[in-house]
Amino acid sequence: MIDIPKTYDPKEAEASHYARWEERGYFAPEINQDPEAPVYSIVIPPPNVTGSLHMGHALQHTMMDVLTRHKRMLGYRTLWLPGMDHAGISTQLMVTRELKKEGLTRHDLGRAKFVERVWKWKEEYGGQILNQIRREGASVDWSRFKFTMDEDLSSAVREVFVRLYQEGLIYRGNRIVNWCPNDQTVLSDLEVQRDPYKGKLYYLRYPFKNRAGAIVVATTRPETMLGDTAVAVNPNDERYRAVIGETLILPIVNREIPVVADEFVESEFGTGAVKVTPAHDPNDYEMGIRHGLEQVHVIDRFARMTEEAGADFAGLDRYKARELVIEKLEALEALEKTVDYEFSISKCERCKTVIEPLISTQWFCRMEPLRDLALAALRRNSKPQFVPQVPYEKVYVDWLENLRDWTISRQLWWGHQIPAWYTTGGEVIVARSREEAEAKAGTNELTQDEDVLDTWFSSALWPFSTLGWPDETADLKTFYPTSVLVTARDIIFLWVSRMMMMGLKFIGEEAFHDVYVTGTVLDKHGQRMSKTKANGIDPLEVFDKYGVDATRLALAQIGSTDTRWNEKQVESYRNFANKIWNAARFCLMNAEGAASISEPFAAGSANLPLHDRWILSRLNRTAAAVNKQLDTYDFHAAVQELYHFFWDDFCDWYIELSKTSVTAEEASAERDAARARLISILEQALRLLHPFMPYLTEELWQKLPVNHARLQHSAYAGAEPSIMLASFPRGEASLIDERAEAEMQAVIDLISRVRNIRSEMNIKQSDRIQLMIAAKSDLKTVFSDSTDQIARLTRAREISIDGSSEMPKAAARAVLAGGAEVAVPLEGLIDFEQERARLTREKEKLEKESLKLATQLGNADFVQRAPAEKVEELRARVTDIAQRNAALEQMLEALS
RNA sequence: GGGCACGUAUGUCAAUGGUAGACGGCUUCCCUUACAAGGAAGAGGUUGGGGGUUCGAGUCCCUCCGCGCCCACCA
């Protein structure tokens, strides 16, 4: 007898298999020996080097792994490429904080030493997430692991930069940008978040120079008035039409500023007149350009007032300056009023500091031509295919259509330094290397641009830079375009769209065929999990508590809907894992002799017992469904399908139905064959489950007395057997047997009805009952062939079957589909009242349904307009109900 | 301000316009030698409210209520 614990302990399986898979190279595409094999590839969204695994990762990785393992088992040449992102700002902040503890700033170290220090930090503390990814069971090819700052990827970054620059798509310009006064860098629009803010609206009075009166303007940032160079009104605003072109005297500063007319101004807001500060507000900047206004810089990079703001203000923090401005305006009687006002405020996504719009010289990427490539790919080739298509395709298109230039430079030290050099004369040389720049410039007196590129710039190249571009590598040719990108929805703009554009630009093909957008795991109150709210669930703790496989199942079934985290759900999949374990345990306890049968189902399905034909049909139906569901990213349905097949069909029915033959005391050819069939079904079920539950399935599969090598997919012939290289069952249409399923269903219904009688009539578990079955010829045969099993599962001691419906009076009875009946004689034990009540309840149910059907069929419109099939279906149901109803009535009569 | 989702059993979620389901929880019975992390049998729903289209609506349309998400240059 085999010695297997009663309870599945996931830890053991998790500890051993991953390392073996990895060592043997099972994750690498090279394991596939078939030169004709179709290709499947995914690049992982590279986690930040500073990151650690959160639920979102676990969710995405599970789905990518399911897809990858599924395709690998189908014989695809499969690559899931792992990597990590250098995460410019986050990482630099991390190390800066570390330095601060030593009383140092990065400037104390200088650039070179600081960057060295970051590399050291990365080696020591970075990338803890990589081992967490291993724990998940992710079948990524570690031999192709990439880091965005690796030399080859950095060179791809420079290549792209140079080419885009040469085409005029990258340029250096002086424009208004989002500046973070804390991080001391510019940010792109996507790295700025808008938060609601309860502030005030200040009404300032600016007097005319050459006439009486004043214009009152409303502002939320009075301190910027020091930099005002105009007041704007709407040209159609009657109130102000007469004063357009007049001159105002700016209070405090006493600068003369004009009144200009601009369509941008909303007459309804405030006073209908707006102060214009071109140097410190994006809208005013645009207006300033339209009207040729002067830009007066009154706030610096530290959000302090400049000399230009005036001696009283220079050096003051922007909020201190605000107070002082208000004070002075009050003294000048230039503050009309102050009202409470709620608006939104821009903050740095990382450090939450309020953004200061500043005019500054930065590098930008022109997006229109790239955007057009992406839009064309979608319109002409429907690439990428978003899943779900609604709403993400529209979101993607809308964003692309309104795309503005991308600010790609950052004032950081950690990242890809911009490959631009300046001669002493100020000439700009953009080149792939210093050597190339020197050659171009004809001098070695060059200074490289201090800035680095936005982290997302290298991320945008990820699908091809990781495969060796710009070299025409075999990997690039084989694996690009990638098959699918699996991601959460928050980086569709930041990342997905940019990869698409860059891929189309530089390779000429889309970066991925499909984009699968996962749902979000929320906390139990429906809130997003976040560090600041501290409401996150650590996936590693869940792994420890319930096992990786159970967690994966719980995550996979989330699919693309947002779902509140529910630990009970994981617990139920843990129970499922245990169920699988115990089913296998049963099979292994009764495995002796099974191995001698090499083709358990070879005899030809017609000769097999009903339950064998039935389970074979169910198995293949399930396999076909799961393949289809995985091909269409319907993870939820696939999980449900597998769960119910395994638990309901296989465990609850098949094992129970096979028990008599499988557990027979004496060895026999028949017993061995039954055992071999049982094991074969289990074995195939494990293969179906493997993409979702890699550890448990491998653990059990290895224990099964089967010819493992023969089960491998032919593409992996010769490899040491593993379930991850076994052939994924495709679901043979020829093995789907409608008749067997219908007949088995009749048996299942019969057993269920008898069990119902036992339960409702309070028949003790230990009491053996007698069954009398009346059925017409075809069903009669089915039941007769299954009497042993029916007896076993209903705990009956005696079963008689005939074609008539002569039933004893003192019996509990039930009517089955197809006109069959079953009676349980209760020899004086029967409680007539109780049985009558039970039958009446049943009759009421039928009548309710019957009434519904009659109403529908009585509707002439329905009969006329609904498809004939539908009408037929209803009529058939009416007949069946009538039949059952008549039988019930008879039974009730017999009881009275 | 604009756009997009969602609201189904006590909880978490499913359901090509055609008999509203699953898992958990709940009730009753059972430690039947694969599994009590289990088995058997049950109870539980006017699909947020109202209106419309249709032979037929959880599903399509309108509206209201509720909870979210994304985008945005009304100072």
Side-chain angles (χ1 to χ4, degrees), chain A residues 4 6-8 189 194 201-202 217-221 224 232 264-271 273-277 281-287 341 343-344 357 390-392 394-395 398-399 402 489-490 492-493 520 522 524 526-528 546 550 554 557-559 561-569 571-590 636-637 640 643-644 647 651-652 655-656 659 663 751-752 755-760 762-766 792-795 849 852-853 856 859-867 869-871 873-874 877:
Chain A
I4 301 172
K6 272 182 159 186
T7 306
Y8 171 52
D189 293 344
R194 304 277 292 185
L201 194 55
Y202 303 87
V217 296
T219 181
T220 54
R221 296 197 60 193
T224 62
F264 164 78
V265 181
E266 301 277 340
S267 302
E268 290 73 32
F269 186 87
T271 60
V274 56
K275 59 190 271 317
V276 183
T277 323
D281 180 282
N283 300 317
D284 295 5
Y285 175 81
E286 299 289 335
M287 261 196 285
Y341 183 58
F343 55 105
S344 63
V390 178
Y392 299 112
K394 186 172 160 14
V395 167
D398 286 352
W399 185 78
N402 298 303
R489 68 174 147 262
D490 51 359
I492 290 179
F493 307 141
T520 309
L522 307 167
K524 63 180 173 189
Q527 301 275 314
R528 285 181 79 92
Y546 298 104
Q557 63 106 39
I558 286 174
T561 31
D562 289 359
T563 300
R564 296 177 187 210
W565 180 252
N566 184 355
E567 196 171 296
K568 287 280 179 192
Q569 193 80 251
E571 194 182 326
S572 87
Y573 287 119
R574 189 270 318 258
N575 294 351
F576 180 53
N578 196 52
K579 186 75 180 177
I580 297 171
W581 178 261
N582 277 291
R585 188 164 166 261
F586 172 78
C587 296
L588 289 170
M589 286 166 83
N590 298 286
H636 181 90
Q640 297 303 315
Y643 183 94
H644 291 293
W647 202 312
C651 293
D652 287 351
I655 289 184
E656 294 306 327
K659 235 169 206 174
T663 58
I751 293 168
S752 300
R755 283 170 168 175
N756 174 278
I757 289 172
R758 288 193 70 115
S759 173
E760 302 239 344
N762 298 317
I763 298 169
K764 272 193 285 185
Q765 184 76 4
S766 49
R792 196 186 129 78
L793 298 181
T794 58
R795 309 197 131 246
E849 204 189 332
K852 211 167 142 186
L853 289 171
Q856 208 170 351
N859 183 340
D861 282 331
F862 170 75
V863 179
Q864 219 166 44
R865 300 194 195 194
E869 259 178 22
K870 202 77 222 167
V871 180
E873 192 189 310
L874 292 201
R877 266 165 57 203

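The basis for the numbers below is simple: all heavy atoms, side chains too, and nothing from hydrogens, waters or symmetry mates. Only a predicted model underlies this, so the values are computations on that prediction, with no experimental measurement involved. Letters A, B, ... are given to chains in the order of the sequence lines, protein chains preceding strands, and every chain is numbered from 1.
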Has the side chain of A:S572 got a donor or acceptor atom that lies under 3.5 Å from a matching backbone atom of A:Q569? yes
Between the protein and nucleotides 32-34 of chain B, which nitrogen or oxygen pairs are less than 3.5 angstrom apart?
{"unit_1": "B:A34", "atom_1": "OP1", "unit_2": "A:K659", "atom_2": "NZ", "d": "3.3"}
{"unit_1": "B:A34", "atom_1": "O3'", "unit_2": "A:R585", "atom_2": "NH1", "d": "3.1"}
{"unit_1": "B:A34", "atom_1": "O2'", "unit_2": "A:N582", "atom_2": "OD1", "d": "2.9"}
{"unit_1": "B:A34", "atom_1": "O2'", "unit_2": "A:R585", "atom_2": "NH1", "d": "2.5"}
{"unit_1": "B:A34", "atom_1": "N7", "unit_2": "A:K659", "atom_2": "NZ", "d": "3.2"}
{"unit_1": "B:A34", "atom_1": "N6", "unit_2": "A:C651", "atom_2": "O", "d": "3.4"}
{"unit_1": "B:A34", "atom_1": "N6", "unit_2": "A:E656", "atom_2": "OE2", "d": "3.2"}
{"unit_1": "B:A34", "atom_1": "N3", "unit_2": "A:N582", "atom_2": "O", "d": "3.0"}
{"unit_1": "B:A34", "atom_1": "N3", "unit_2": "A:A583", "atom_2": "N", "d": "3.3"}

Could you pull out all residues at least two apart from A:D652 that satisfy side chain to side chain donor-acceptor pair (under 3.5 Å)? none
Any base atoms under 4.0 Å from A:F493, or only sugar-phosphate, or nothing? Heavy atoms, all strands. sugar-phosphate
Protein-nucleic acid N or O pairs under 3.5 Å, nucleotides 73-75 of chain B:
{"unit_1": "B:C73", "atom_1": "OP1", "unit_2": "A:R404", "atom_2": "NH2", "d": "3.1"}
{"unit_1": "B:C73", "atom_1": "O4'", "unit_2": "A:N283", "atom_2": "OD1", "d": "3.2"}
{"unit_1": "B:C73", "atom_1": "O2'", "unit_2": "A:N283", "atom_2": "OD1", "d": "3.1"}
{"unit_1": "B:C73", "atom_1": "O2'", "unit_2": "A:N283", "atom_2": "ND2", "d": "2.4"}
{"unit_1": "B:C73", "atom_1": "N1", "unit_2": "A:N283", "atom_2": "OD1", "d": "3.3"}
{"unit_1": "B:C73", "atom_1": "O2", "unit_2": "A:N283", "atom_2": "OD1", "d": "3.3"}
{"unit_1": "B:A75", "atom_1": "OP2", "unit_2": "A:Y341", "atom_2": "OH", "d": "2.9"}
{"unit_1": "B:A75", "atom_1": "O2'", "unit_2": "A:A218", "atom_2": "O", "d": "3.3"}
{"unit_1": "B:A75", "atom_1": "N6", "unit_2": "A:E266", "atom_2": "O", "d": "2.7"}
{"unit_1": "B:A75", "atom_1": "N6", "unit_2": "A:F269", "atom_2": "O", "d": "3.2"}
{"unit_1": "B:A75", "atom_1": "N1", "unit_2": "A:E266", "atom_2": "N", "d": "3.3"}

Where protein sits on nucleotides 3-8 of chain B, one letter per nucleotide: B base, S sugar-phosphate only, - none, heavy atoms under 4.0 Å: -S----
Residue-phosphate contact under 4.0 Å: A:R574 side-chain N/O, B:A37 OP1/OP2: no
Taking the six-membered ring of A:F862, is NZ or CZ of A:K870 closer than 6.0 Å to its centre and within 45° of its axis? no
Roughly how far apart, to the nearest Å, are B:G21 and B:A37 at atom P? 30 Å
Rounded to whole angstrom, note down the C1' distance from B:U16 over to B:U63. 28 Å
Using the P atom as the reference point in each nucleotide, state the distance between B:A20 and B:U59 in Å, no decimals. 14 Å
Let me have a per-nucleotide readout for nucleotides 15-27 of chain B, 5' to 3', with B, S or -, counting only protein heavy atoms under 4.0 Å. ---BBS-SSS---
Watson-Crick and G-U pairing of RNA chain B, under 3.5 Å, as dot-bracket with | and [ ]: ((((.((...(((....[..)))..(((((.......))))).....(((((..]....))))))).))))....
Would you say A:T561 reaches B:A14's phosphate, i.e. side-chain N/O to OP1/OP2 under 4.0 Å? yes
Heavy-atom distance under 4.5 Å between the side chains of A:V274 and A:F269, does that happen here? no
Judged by nearest nucleotide, the residue sitting upstream toward the 5' end of RNA chain B, A:V863 or A:K524, is A:K524
